[in-house]
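Here is how names work: the chains are called A, B, and so on, in the same order as the sequence lines, proteins then strands, and each is numbered from 1.
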Amino acid sequence: MTSSSASFAVEHYDLAATLSSGQAFRWRQVEDAWEGVVGSRWVRLCQEPGRIRARTAEPVADWNWLRHYLQLDVRLEDILAAFPDDEPMRQSVESCRGLRLLRQEPWECLASFICSSTKQITQIRQIVALLCQRFGHTVAVPNGGAAACAFPTVQRLAEASEAELRQCKLGFRAPYLAATARKLARGEVDLARLSELPLEPAREQLLALPGVGVKIADCVLLFAYGFPQAFPLDVWIIKALRQLYFPNRRPKMARLRRFSRTHFGSQSGYAQQYLFHYMRTKRRPGKEVAS
DNA sequence: GGCCAGGCGCGTA
DNA sequence: TACGCGCATGGC
């Protein structure tokens, strides 16, 4: 077995913030690097000044899969320039220059976020890890490294019983994940074709899946399909909008939804991720970074 | 020990 | 359309 390595020049790319920011759940910090599985490849990423180094366990001839996953060709300056010029966005960008959006595989992203409802990010990581251990096929790792698994296929989870899923700590989410996997396995929704659709029809397709509401649909539309105006409204973002844009007022959810669609411009999804990260990491009395 | 977590689905009004 | 509630589980 021969490992492979590569080096990518990057500007304004905060790898640690990006991989730990609650959009993907399979990255583990190991010393000064990040280890994870992308598709069926184990990979170790390391940030160095002006570059990201990558190492795999098996030979790699073409690194486009990783360039795509990390969105290395996106010019962050162009995206930040599209943000509204207001104080909350300035603070959010100031708190973390280099936060990026990944481009994840749709099924893994969808399944992970079905597991996410009323869970903290650390718990989502744990659930996803258990699903991979139990239902994913093993992938090659470097000699002496810990075993690693791919994310389970649709078919494998469609065959899993609700009880087996509950053993992965899914709780009341287990029937949702099972039902969605089965629906996809039957071909009732084709995730591969959603990228051909405009935002609204793509969202409608996702909303037809059990356990998928507007918030989870928007996470998948943003993190897996790259719709730049998908804007997941979760508890953190609702808190952010209330505190930062409507202080001392009591906007209703309908007002916040309208605001989220109209205020943040052509890259509102990215803006949302900056707000999310800002709210989770800014100092709160007596607390460190939320997990 | 109580509150809350990158919600959803369903019943009521 | 707009709330309220139950649903498992664990971190803090």
Side-chain angles (χ1 to χ4, degrees), chain A residues 17-27 92 96 99-102 104 106 108-131 161-181 183 189 203-225 227 230-244 250-258 260 264 268-291:
Chain A
T18 299
L19 298 182
S20 65
S21 65
Q23 49 181 317
F25 303 100
R26 300 215 54 203
W27 294 97
S92 299
C96 186
L99 177 64
R100 301 288 190 130
L101 288 178
L102 302 167
Q104 298 177 58
E108 176 173 338
C109 185
L110 169 64
S112 298
F113 276 97
I114 287 175
C115 301
S116 76
S117 57
T118 56
K119 281 290 182 193
Q120 297 179 156
I121 290 172
T122 50
Q123 296 174 272
I124 304 167
R125 285 202 192 97
Q126 185 181 22
I127 291 171
V128 170
L130 288 168
L131 285 173
S161 70
E162 193 180 310
E164 285 180 299
L165 294 178
R166 280 181 188 271
Q167 288 173 4
C168 298
K169 306 192 179 183
L170 264 84
F172 63 83
R173 305 155 195 82
Y176 295 148
L177 183 57
T180 284
K183 204 160 179 171
V189 171
R203 182 185 284 129
E204 290 306 313
Q205 294 272 299
L206 290 171
L207 289 175
L209 297 168
V212 180
V214 174
K215 188 271 170 181
I216 289 175
D218 281 350
C219 283
V220 177
L221 292 168
L222 183 62
F223 301 141
Y225 292 100
F227 284 96
F231 194 102
L233 262 179
D234 76 324
V235 290
W236 288 96
I237 296 298
I238 292 165
K239 197 190 318 181
L241 296 183
R242 288 190 200 279
Q243 282 183 13
L244 303 175
R250 299 197 172 277
K252 294 181 177 174
M253 272 306 295
R255 176 75 188 100
L256 295 181
R257 278 189 199 289
R258 190 149 40 88
S260 73
F264 292 96
S268 57
Y270 242 101
Q272 177 275 160
Q273 192 65 8
Y274 271 81
L275 281 173
F276 179 79
H277 188 271
Y278 174 61
M279 290 299 288
R280 284 212 322 131
T281 56
K282 74 175 179 176
R283 277 200 171 281
R284 299 195 305 279
K287 282 209 167 187
E288 283 303 317
V289 172
S291 56

So what does [X] touch, heavy atoms closer than 4.0 Å: a base, only the sugar-phosphate, or nothing?
X	answer
Leu233(A)	nothing
Ser21(A)	base
Arg173(A)	base
Phe25(A)	nothing

Rounded to the Å, how far apart are [X] [atom1] and [N] [atom2]?
X	N	atom1	atom2	value
Arg257(A)	dG7(B)	CZ	P	12 Å
Arg258(A)	dA2(C)	CZ	C1'	15 Å
Met253(A)	dG7(B)	CE	C1'	11 Å
Lys252(A)	dT1(C)	NZ	C1'	11 Å
Leu177(A)	dG7(B)	CG	C1'	15 Å
Gln123(A)	dT9(C)	CD	C1'	6 Å
Ile237(A)	dG7(B)	CD1	C1'	15 Å
Gln120(A)	dC12(C)	CD	C1'	7 Å

Inset, instruction - With sequence neighbours excluded, tell me which residues meet salt bridge (charged side-chain N to carboxylate O under 4.0 Å, His left out) with Arg166(A). - result: Glu162(A)
Inset, instruction - Flag the pair Phe223(A) / Leu101(A) as yes when at least one side-chain heavy-atom distance between them is below 4.5 Å, and no otherwise. - result: yes
Without swapping roles, check the side chain of [X] against the backbone of [Y] for a donor-acceptor pair under 3.5 Å.
X	Y	result
Arg203(A)	Leu221(A)	no
Ser268(A)	Phe231(A)	no
Ser260(A)	Arg257(A)	yes

Inset, instruction - Report the C-alpha separation of Leu209(A) and Ile216(A) in whole Å, then their side-chain angles, then the decisive distance to 0.1 Å, and conclude whether the side chain to side chain contact (heavy atoms under 4.5 Å, CB included) test is met. - result: CA-CA 11 Å; Leu209(A) 297 168; Ile216(A) 289 175; over 6 Å; no
Inset, instruction - Report the residues that fulfil ring pair (Phe, Tyr, Trp, His ring centres under 6.0 Å) with Phe227(A), sequence neighbours left out, ordered by chain and then residue number. - result: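 None.
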Inset, instruction - Using the P atom as the reference point in each nucleotide, state the distance between dC5(C) and dC3(B) in Å, no decimals. - result: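 My reading of the P atoms in dC5(C) and dC3(B) gives 15 Å.
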Legend entry - Where protein sits on nucleotides 8-13 of chain B, one letter per nucleotide: B base, S sugar-phosphate only, - none, heavy atoms under 4.0 Å: SS----
Inset, instruction - Ignoring backbone atoms, establish whether Lys169(A) has a side-chain N or O less than 4.0 Å from OP1 or OP2 of dG10(C). - result: yes
Legend entry - Which nucleotide in dG10(C), dG7(B), dA2(C) has an atom nearest any side-chain atom of Ala254(A):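 That would be dA2(C).
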